[in-house]
Undergrad: 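Below is one structure. I have some questions about it.
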Amino acid sequence: MTRHGRAGASVLGRVAALALAGMCGAGLAVGAVRGVRATTARAGPTEVAAWRLDLAYYDCLSAQAHSLVHAGETVDVSMTDPGPGVTLAKVVAPFAVITDRASGHVVLTLISRPGPGTCLGSVVVARDPSGVVHQGRGSLSGHEMPPQTPL
């Protein structure tokens with residue numbers, strides 16, 4: 001190959017690399033614009049209000065659970081209804097030890113009960129080993145019933 005042949009191939013390779021780099025840059029820019037638009041859409045006032053209500057709900061459940069169980073205490077979380085059971089386990093796990101043996105431990109259950117003193121219609125209930133049932137204390141102030149969904 002002549003010297004001009006190698007130089008031509010070298011220039012052609014550089015042009016191809018620049019074209020590829022330009023396409024990659026354009027793709028990254030398009031992805032970034034879409035990401036910003038998606039984030040902006042998810043950070044609107046309706047979404048922020050829903051996130052705040054969700055946080056308040058879990059804080060309320062945590063307050064009720066803390067009113068029934070001491071930190072480090074071993075408890076059983078009822079999984080009779082798995083949905084509320086998993087929700088309650090998420091609330092209790094940071095401060096209590098969860099076991100699947102009800103014998104000799106407090107059994108916590110999340111039940112639906114509309115009205116005052118609830119967390120959007122949910123209440124944490126504890127049954128101690130003797131069978132006595134206690135209701136958690138704490139409520140989501142200002143929201144006694146779940147708000148209407150925006151959809």
Side-chain angles (χ1 to χ4, degrees), residues 1-102 105-126 136-151:
M1 194 183 248
T2 66
R3 187 174 190 142
H4 289 297
R6 284 190 212 151
S10 177
V11 170
L12 185 59
R14 287 181 183 164
V15 169
L18 284 172
L20 182 61
M23 290 187 316
C24 289
L28 288 172
V30 168
V33 168
R34 286 185 179 170
V36 168
R37 286 182 181 162
T39 301
T40 302
R42 290 189 177 124
T46 303
E47 289 76 14
V48 171
W51 294 337
R52 286 184 177 148
L53 183 59
D54 191 56
L55 179 61
Y57 172 72
Y58 279 96
D59 284 346
C60 180
L61 291 180
S62 181
Q64 286 194 3
H66 273 93
S67 75
L68 298 167
V69 177
H70 301 292
E73 187 174 346
T74 301
V75 298
D76 177 32
V77 175
S78 173
M79 290 294 174
T80 303
D81 189 352
V86 169
T87 298
L88 187 54
K90 287 181 194 178
V91 170
V92 174
F95 69 91
V97 178
I98 299 174
T99 183
D100 60 354
R101 297 185 190 137
H105 302 290
V106 170
V107 178
L108 296 176
T109 307
L110 184 61
I111 61 170
S112 294
R113 181 180 297 151
T118 69
C119 305
L120 295 177
S122 296
V123 178
V124 179
V125 175
R137 293 181 311 279
S139 65
L140 189 57
S141 61
H143 297 284
E144 298 306 337
M145 294 301 294
Q148 294 295 321
T149 57
L151 300 177

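Computed from heavy atoms alone, side chains included, the values below leave out hydrogens, waters and symmetry copies.
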Undergrad: Listed by chain and number, what are the side-chain contact (heavy atoms from CB on, under 4.5 Å) partners of R113, not counting sequence neighbours?
TA: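 Once residues adjacent in sequence are excluded, the partners of R113 under the side-chain contact (heavy atoms from CB on, under 4.5 Å) criterion are I111, V123, Q135.
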Undergrad: So which atom in L61 and which in S122 form the shortest heavy-atom distance, rounded to 0.1 Å?
TA: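 Distance-wise, the nearest heavy atoms are CD2-CB, 4.3 Å.
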Undergrad: Heavy atoms only: give me the nearest A65-V91 pair and the separation to one decimal.
TA: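 Closest pair (atom of A65, atom of V91, distance): CB-CG1, 4.3 Å.
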Undergrad: Compare all side-chain heavy atoms of L110 with those of V77 and state whether any distance is below 4.5 angstrom.
TA: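 Not touching, per the 4.5 Å side-chain cut-off.
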Undergrad: Who passes side-chain hydrogen bond (donor to acceptor under 3.5 Å, both in side chains) against S62, sequence neighbours left out?
TA: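 side-chain hydrogen bond (donor to acceptor under 3.5 Å, both in side chains) check on S62 returns H66.
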Undergrad: Working to the nearest 0.5 angstrom, can you tell me the gap between D76 CG and D100 CG?
TA: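 Spacing of CG (D76) from CG (D100) equals 7.0 Å.
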Undergrad: Sequence neighbours left out, what passes side-chain contact (heavy atoms from CB on, under 4.5 Å) with L20? Give chain and number order.
TA: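 side-chain contact (heavy atoms from CB on, under 4.5 Å) check on L20 returns M23, C24.
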Undergrad: Under the rule for side-chain contact (heavy atoms from CB on, under 4.5 Å), what residues qualify as partners of V69, not counting sequence neighbours?
TA: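 Partners of V69 by the side-chain contact (heavy atoms from CB on, under 4.5 Å) criterion, ordered by chain and then number, come out as E73, V75, F95, A96, L108.
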Undergrad: Which residue pairs satisfy the side chain to side chain donor-acceptor pair (under 3.5 Å) criterion with at least one member in residues 79-95, sequence neighbours excluded?
TA: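 Qualifying pairs: S78-T80.
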Undergrad: Hey, what do you get for NE2 (H105) to OG1 (T74), rounding to the nearest 0.5 Å?
TA: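 Spacing of NE2 (H105) from OG1 (T74) equals 5.5 Å.
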Undergrad: Take V124 and L68 through the test side chain to side chain contact (heavy atoms under 4.5 Å, CB included) and record every step on the way to the result.
TA: CA-CA 8 Å; V124 179; L68 298 167; 3.7 Å; yes
Undergrad: Residues two or more places apart in sequence or in another chain: which of them pass side-chain contact (heavy atoms from CB on, under 4.5 Å) with S67?
TA: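 Counting only residues at least two positions away or on another chain, S67 forms a side-chain contact (heavy atoms from CB on, under 4.5 Å) with R137.
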Undergrad: Is the closest side-chain heavy-atom distance between C119 and Y58 below 4.5 Å?
TA: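 No, their side chains stay 4.5 Å or more apart.
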Undergrad: Which pair of heavy atoms, one from V97 and one from G72, lies closest together, and at what distance?
TA: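 It is CG2-O, 3.9 Å.
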